[in-house]
Amino acid sequence: MDAALLASELCTNSLLHGCLRDRLFRVETSLTGNTLRVAVTDPRGERFPFPQTSTPDDQFGRGLLIVRTLAARWAVERLTVGKTVWAELDITGPGASLQGHREP
């Protein structure tokens with residue numbers, strides 16, 4: 001579940017803040033050892049994400065807070081064209097799965 005939520009938040013941020021008309025964004029996942037990485041690349045390299053403060057009545061502004069809470073690590077990489085925002089989950093322990101659900 002955590003991996004799906006991370007991917008959803010990163011993609012939503014890219015759609016809302018990183019897309020340009022007729023330009024696509026790319027989602028990549030990789031599993032190395034016990035680390036799942038979700039990376040989203042978009043063409044707007046001049047617009048870096050930053051955590052915002054939101055009030056209980058705000059409809060937006062919590063995406064990076066969710067990413068920071070769920071991810072073991074996250075960062076932004078500047079590219080020649082665009083940027084990549086990535087987040088990593090540590091998948092450890094008995095019964096751990098890529099969806100973050102642990103069996104009893």
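- Note that OG1 of T35 is 4.5 Å distant from CG of D90, once rounded to the nearest 0.5 Å.
- Closest of all the heavy-atom pairs between L10 and V38 is CD1-O, 3.6 Å.
- Residue E46 holds its CD atom at 9.5 Å from CZ of R78, rounded to the nearest 0.5 Å.
- Residues satisfying the side chain to side chain contact (heavy atoms under 4.5 Å, CB included) test with S8, not counting sequence neighbours, are T12.
- Here the CG atom belonging to L65 is positioned 9.0 Å from the CG atom belonging to L70, to the nearest 0.5 angstrom.
- Closest approach of S14 and F25 over heavy atoms only: OG-CB, 3.5 Å.
- By the 4.5 Å heavy-atom criterion applied to side chains, V27 and C11 are counted as neighbours.
- When side chains are defined from C-beta on, L79 counts as touching T41, because their heavy atoms get closer than 4.5 Å.
- One hydrophobic cluster holds both L5 and L15 under the rule that ILVMFWY side chains link at heavy-atom gaps under 4.5 Å.
- Under the side chain to side chain contact (heavy atoms under 4.5 Å, CB included) criterion, A39 pairs with T84, W86, not counting sequence neighbours.
- Between V67 and L6, the shortest heavy-atom distance links the atoms CA-CD2, 3.7 Å.
- Residues in residues 80-89 take part in these salt bridge (charged side-chain N to carboxylate O under 4.0 Å, His left out) pairs, two or more places apart or across chains: R37-E88, D42-K83, R73-E88.
- Atoms CD1 and CG, on I66 and N13 in that order, are 9.0 Å from each other to the nearest 0.5 Å.
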